[in-house]
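Because the structure is predicted, anything quoted here is derived from the model rather than measured. Numbered from 1 within each chain, the chains take letters A, B, ... in sequence-line order.
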2 protein chains.
Amino acid sequence: MHAISIGAVSRETGIKVPTIRYYEDIGLLPAPDRTESNRRTYDAQSIQRLRFIRHARDLGFEVEAIRQLLDLSDQPDRSCAEVDVIARAHLSEIDDKIARLTALRSEVKRMVEEGEHGRVAQCRVIEVLGDHAGCLHERH
Amino acid sequence: MHAISIGAVSRETGIKVPTIRYYEDIGLLPAPDRTESNRRTYDAQSIQRLRFIRHARDLGFEVEAIRQLLDLSDQPDRSCAEVDVIARAHLSEIDDKIARLTALRSEVKRMVEEGEHGRVAQCRVIEVLGDHAGCLHERH
DNA sequence: CTTGATCCTCTAGTCACTGGAGGATGTAGC
DNA sequence: GCTACATCCTCCAGTGACTAGAGGATCAAG
C-alpha cells in the first residue's frame, strides 16, 4: 500500500488539487493520513472514490445526493428500509435523466445525420425536452 | 398571444423569478417586451426555452453548452460544417452521460431488488463508475 | 547544496444561482 | 375611490461548488 501524493491523485482522477482538499473539507472524502511533514497520503481507494464523485457531479448530481450514495456504499448493511427509500429516490432521478438525455440525443443525432446529406432543415432540441417530465417532482 | 408575467412563467417552469432575470442578464433568454409600467411580458415560447434550459442544466450541461444548443436552434440554417462540429461534440458528451447513468442505474437497481428479499449484501455504486470513460477527454 | 516542483494553509475570486431591501404597480374587496 | 396585499422592479449581498493565488515549508534531482 504505497502512499500516493495529492498531486498524483489529481493527475490520476482529473480533479484539481484544491478541489480534492475542498472535498475533504466538506466531508465527501475522509481526511487521509499525513506524512511527518504533514503531507496528505492517499491510496487506491481514495482515487476510486474521487472518480465516483467526479462522474456523479458531471452527471448533475448535487453534493448532497453524492453524499447519500457514498454513505450507502460505506455502510451497506444498514436497515433495508432506509437503503430502499434512498436508492429508490435516486433510481427514479436517474431514470428521468436517462430519458431526457435519450430524447436530446436522438434530436442532436438527427441533426448530425441530416447535415451529412444536405442541409439541416430545422433544430428541435428545445421541443424535445418539452415538459413531459419536469412538473412531476419539485426541485429541491 | 396574451402576455404572461414573470411570476406565471416561474410557476409554469419551476424556475425561480430571480433566476429567470439572471438568464436574461447572461443572454440565455432574450430580453422580453415590457408593459408601460416596465414589467416583463413573456409568451409560450419563452416558457419552452426556459424548460429546455432547466432540463439541460439539470443534466449537467454548462451554460456555455446550453448557449450553443440554443444557438443551433435559433439559426438552424447555418453552415453544415459548423452545426456538425458542435452537434457531434455534444452527441458524444450525451452518449458518455447516458453510459455512465446506465451503469449507475443498474447498480442502484440491484440494491433495491436485493433489499426486497433480505439484506443488501454490498453496494458497488462507486466501482460502477470506475473510470472506463473519464480520462478520454479533458475537463475544461 | 542549490534549484524547481510540490506541498501546506489561508484568503479571495468565479460561476450559477438565490434571497432580501426598498420602492413602484396591479388587483380584489369594501 | 381607497385600502390591503400580492407581484413587479432594480440593485446588492449571500450560497454552493469549486478555482486560483500569496506566502511559506519540504522534497528530489543534479
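- Here B/Arg67 pairs with B/Glu64 in a salt bridge; the nearest charged N to carboxylate O distance falls below 4.0 Å.
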Letter by letter from the 5' end, nucleotides 8-17 of chain D scores (B base, S sugar-phosphate only, - none; protein heavy atoms under 4.0 Å) SSB------B
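- At whole-Å resolution of the value, NZ in B/Lys16 and C1' in C/dA16 are 13 Å apart.
- Put simply, CD on A/Glu24 is 12 Å from P on C/dC10, counting in whole angstrom units.
- Nearest heavy-atom pair across A/Lys97 and B/Leu101 is CB-CD1, 3.5 Å.
- When all heavy atoms of A/Ala44 and A/Ile4 are compared, the closest pair comes out as N-CD1, 4.0 Å.
- Taking atom CG of residue B/Asp25 and atom P of nucleotide C/dT18, one finds them 14 Å apart after rounding to whole Å.
- Using a cut-off of 4.0 Å between Lys/Arg side-chain N and Asp/Glu carboxylate O, A/Glu107 and A/Arg110 are scored as salt-bridged.
- Following rounding to the nearest Å, A/Asp33 (CG) and C/dC8 (P) show an atom-to-atom distance of 13 Å.
- Atom CG of B/Asp58 is separated from atom P of C/dC17 by 11 Å (rounded to the nearest Å).
- One interatomic measurement links the two molecules: CD1 of B/Ile15 to P of C/dG19, which rounds to 14 Å at whole-angstrom precision.
- Between the side chain of A/Asp71 and the main chain of A/Asp74, no donor-acceptor pair closer than 3.5 Å is present.
- Counting all heavy atoms, side chain and backbone alike, A/Leu70 lies closest to A/Leu28 at CD1-O, 3.8 Å.
- At least one side-chain nitrogen or oxygen of B/Thr19 sits closer than 4.0 Å to the OP1 or OP2 atom of C/dT18.
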